[in-house]
Amino acid sequence: MIETKRLKKVFKSADIETVALAGIDLKVEEADFVSVMGPSGCGKTTLLNLLGMIDVASSGSYRFKGEEVYSLTEKQITRLRKQNIGFVFQNFNLIEELSIWENIELPLIYQGVKKAERKRRVMEVIDRLEISHRKDLLPVQLSGGQQQRVAVARAIVTRPHLLLADEPTGNLDSMHGEEVMNILDELNKEGMTIVMVTHSHHDASYSRRIVHLFDGQIINENLNRV
Amino acid sequence: MWGSFFRMGFRVLMRQKNYFLLNLAGLTIGIVAFVFIYLYVENALYYDRSWKNYQHIYRVNETYSTGGKAEKMALTPYLLADTLKNNFPEILQSTRLFFTDPSDKNDVSSVNYRGKMYDIPNLTIGDARVFKIFNYRFTEGNPDSCLLHPNSMVLSTAMKQKIFGSNPALGKKLKTSMRQYTITGVFDNKNRPSHLEFDAVISITSLDKQEQKQLNTNWFWLNCYTYVEFADTVNVRKFTQRVNYFTDTAIGKFVQKQKIKINGYMHLAFQPIQDIHFSQGLLYDSHSNINVTYLYIFVIVALFILLMASINYVNFATARSLKRAREIGVRKVMGALRKQLMRQHISEALILTFTAFIISLSLVELMTPVFNALVNRHITLVHSLFSGSGLVFGFLLLLFMLLLALLSGSFPAFVLSSLQPVEVLGGRGVVFKTKKRYSFTAAGLRKFLVVIQYLVAIGVIISTLIIFAQIHYVKNRPLGFDKENVVVVNSPADTSFRGRVKGFVAALQADSAIEQVATASSLPGYLTGKILVSTGDSTDGHMQTLNSFFVGYHYFDLLKIPLLEGQYFSSVTENDSTEHFILNEAAVDFLHLKHPIGSYLYTPMAKKGKIIGVVKNFNFSSLHQQVEPLIFVLSPQYVQYVVVRINPAKRQEALAHLQATWNKSNKGYTMYYTFLDKKLDTLYSSDQKMLSLFFYFSLFVIFISALGLFGLSAFLIEQRSKEISIRKVLGGSEKQIVFTLVKEYVMLVLIAGLLISPVVYFFIEKWLNSFAYHIRLSIWYFVAGIVLVLFIAFFTVLLQALSMVRKRPVEALKYE
Ligand SMILES: Nc1ncnc2c1ncn2[C@@H]1O[C@H](COP(=O)(O)OP(=O)(O)OP(=O)(O)O)[C@@H](O)[C@H]1O
Ligand SMILES: [Mg+2]
């Protein structure tokens, strides 16, 4: 599903250049579950942004489902992303003006899902993530952990082919963290491809593969379970 | 201390040039419009207040009623001025000016000096005491004696400049086709706004002796404006009663002597001179008069424009401060004091407002000539500021700017800096919360202010559309005759022309470019005379006043006025010596004639005339009025105008032939002509003027509100850049996201439109009712106005939204 070659990302500011990714070769198969681990600042979020096509690499190639992403137009990229990718941001990125329900429903609206169907699917995920009693509140009225579960719900409600999750359990207590991981595991078993950034070895143990990043480079890749 | 704040403020403003310029432009335009409207209103209120003793100067108006129909007019008989002065000691001074219609010229109004012709746009005839009441400063000559002798002429300084340049004019001779005048004085009318608009006055003693004698006995010839100056102690109301008692007796005697019987009266009224500029509804009143309602509208619009500019200003300032909220939070933690913050904001605001103030005044000074041309006034900024209430206004405006600076500078600083630092800097959730709470109230305020702007913009635009539609309607409504392709040539003011008319007309008709020629003394759109007629078979019958047109044989055929009954005048043979009349339908009704054709009407000197035709009603005066009763008198010898219908395909040829024929027939006379449809358009010149003012108001208001919206939406959309990015990542298309952003503004416009429409309806309906014929107020004008503003709002926001949506999502997402 994903294949990157010598993917590089350099941030240039007035005086300094930061090499966030220094040539990543990564292959993710259909229905794979990959954990990305590494110290803070090693480029994990940057990599996820590139894979999610919300940022472009400085050099290198990125093939998604056999298509070279960087030769596509902005419109085609938007369509590709909309049809295939779900995102859980490290900092949630919920829309402050919309209620929890509306936040989760939004990607379905953009996909043109009918109202009744939307209702059914949103109901399903919020039940599963135990946030249904908060559905009419605004994001600011929730705790960090609750917001994180909303972010997860919003990402999976469209059943994307590829889920990119940036520390989806970072703010959760172990019980709720466990619940989120169970959900991801289940979705993966149903065929969803998942790339997840995490600092937790326990969470990483749910995935099939672990990629270790250090200073923008992959230093180690090992299979987890078979 | 403050010095350093100003230096800092200046640096901040320079750094944010776009913000600075946007704000400056909005504020400047607002002040420019406001100052212009002030100047106009001040000038209007100053009309006729510059005369010495102006509180005691009155114009005498007259109500003239016959047959139950009363008409008020500004004209009085020639003999009134002397009669009043000689019989009432309360009247210190009286004077009269002849009525002249400046839009209807003949060769008297062009003078010859050393072989060159000069046009005097506004020439009148006045008695020797004109300048005793109207105390203009004289740059040459003596105001007391300049109009004593026959063939004297007094010029305004502008007119003198035009003819003589900087050379003295006193004693110089000016020639017209029949006479030679001597310049006996030059008066300065600069900065003396008045309903009097003459550029030159000829002495009344220049009139024919015989004519003067007739004028001095006739109470029914209304052809002069009469002005009086009262002694301090006079009670004008009581005096009016006494005067009317006196004139009733005098008129009674006159009527008896003339052996006529009139069922009516003639009453005099005294109007304070400073009220004339705002008086409406008097016939033959000054063309420069304005409706005082317009003045109120201007004041309201001016205040709104200033308010809108100020709203923009405050809106920009708060939106921008929000962005700085964090920065302020940091500074607070570092110990910066609230006072200091406020000073910072205020000094920035002061720099901005005063720059705007100075630029505005310079712009006003530069644009004054353009403005004067538009409103037809002679206003100067410097004179207005340093006379009357000008200084007070200047001071108030300055004070307002100061207040605006203080308010807009301290409002955001006050709200933001009173937040606790932890609230701004604290944990992630708290930042959202404080920001949320604050930005909610600020957003609410901003929305409210934006709605007010839309209210004004929509209101002004709808009004402009309706005024435009109505004026288009009156100019294009079928009037009941064919006004196109008709040239009206003014006869020379020379009685010998009568003998040449036949030849002139025949020569004109020789060319195929000319379709038809007729003669007349009155035409639609021109001033209408009145005559007395009665239906009784002797002079005992009651006399009634009718509008009258004295016309030649082919008048109706040429103007294509449809006949209802009987015949046109063209059927009358030239040696038929009886009087012939044609009536319009309204006159038939007014006189209660059952079988008009063949019946007789009687005029005062026991003359009788036969009605040979009835024509359909047509609009012979402005569409403000219904069609009035009108009688046509066949009088081929009475030729004030030669009316020519030309072939539209051969327009140039026709005009050339006209000029050539004129030159042959009237050597030495200038030909004055106009197209009848153009002349009819001038009936609506004051409506037209209002239209152009409203048009400019619309431009101002649209510009200011668009500017405000542009700046504001730039800030708001930038503030929402993160939300936009999230929506993009969630799969929102550009279209969907832009729609989300624009939707809000669209709602605001709709709300504003619904609120303002009834108000506009109320006022515009009143205006429309001042026309006897007007358009129907359809909902589409309102829809069009709202849609127009909707478009403007839509595109201003769209522009910003698109540029933001096209950015890469990651840029806004990375850092919160
Ligand atoms: N927009 C940017 N401009 C400049 N430098 C950036 C930008 N985004 C990331 N970086 C730099 O790139 C490097 C990688 O950042 P990234 O956010 O990918 O780290 P991370 O592995 O996700 O860290 P963490 O575990 O703390 O989230 C860092 O050194 C960061 O400072
Ligand atoms: Mg990260």
Side-chain angles (χ1 to χ4, degrees), chain A residues 9 11 20 45-46 48-50 52-57 74-75 77-98 102-113 138-148 151 154-155 157-158 160 164 166 171, chain B residues 322 325 423-424 426-444 446-447 716-717 719-745 747 802-816:
Chain A
K9 181 71 188 177
F11 291 105
T45 299
T46 308
L48 237 52
N49 284 343
L50 291 185
M53 304 171 207
I54 59 177
D55 202 358
V56 267
E74 195 65 36
K75 251 207 179 102
I77 291 178
T78 305
R79 184 157 11 93
L80 208 59
R81 183 171 54 215
K82 174 164 139 188
Q83 285 165 354
N84 293 293
I85 302 175
F87 239 107
V88 183
F89 292 99
Q90 191 169 6
N91 50 12
F92 323 138
N93 282 338
L94 301 178
I95 296 175
E96 297 165 31
E97 284 77 14
L98 301 183
E102 290 163 339
N103 258 288
I104 300 172
E105 190 185 22
L106 193 58
L108 293 175
I109 293 177
Y110 285 147
Q111 289 194 349
V113 176
L138 290 176
V140 289
Q141 294 164 305
L142 300 190
S143 73
Q146 288 164 334
Q147 287 185 35
Q148 185 145 43
R154 191 179 62 181
V157 74
T158 58
L164 300 170
D166 204 344
N171 288 53
Chain B
L322 257 181
E423 284 178 75
V424 183
R428 190 181 265 148
V430 189
V431 172
F432 281 156
K433 242 175 228 156
T434 9
K435 235 180 119 182
K436 184 82 199 169
R437 195 186 68 204
Y438 174 67
S439 80
F440 179 73
T441 52
R446 273 198 307 263
K447 273 183 195 167
L716 294 186
I717 287 174
Q719 231 188 322
R720 293 174 71 172
S721 60
K722 189 181 144 207
E723 177 197 333
I724 292 167
S725 303
I726 300 169
R727 286 176 182 272
K728 252 183 112 170
V729 174
L730 294 180
S733 68
E734 270 180 25
K735 247 188 251 150
Q736 285 166 318
I737 296 173
V738 166
F739 177 73
T740 314
L741 293 172
V742 171
K743 194 172 61 183
E744 211 173 281
Y745 293 94
M747 286 307 296
L802 273 183
S803 73
M804 183 53 76
V805 166
R806 296 229 160 108
K807 277 191 183 154
R808 236 161 245 299
V810 74
E811 282 165 36
L813 282 179
K814 196 79 182 193
Y815 296 107
E816 171 26 44

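All of these numbers come straight from a predicted model, not from anything done at the bench. Per chain, numbering begins at 1; letters A, B, ... match sequence-line order.
In this structure, the portion of A/Ile109 lying under 4.5 Å from any heavy atom of chain B is its backbone and not its side chain.
The shortest heavy-atom contact between B/Ile726 and A/Arg154 is CG2-NH1, 3.6 Å. Among all heavy-atom pairs drawn from A/Phe89 and B/Val729, the shortest one is CZ-CG1, 3.7 Å.
Not counting sequence neighbours, the partners of B/Arg727 by the salt bridge (Lys or Arg N to Asp or Glu O under 4.0 Å) test are B/Glu723.
Identified by a heavy-atom distance below 4.5 Å to chain A, the contributing residues of residues 731-740 of chain B are B/Gly731, B/Gly732, B/Gln736, B/Ile737, B/Thr740, in residue-number order.
Contact count against chain B (heavy-atom pairs under 4.5 Å) is highest for A/Ile95 among A/Thr78, A/Leu106, A/Ile95, A/Leu108. When the candidates A/Met53, A/Glu74, A/Gln111 are compared by the number of heavy-atom contacts under 4.5 Å with chain B, A/Glu74 comes out ahead.
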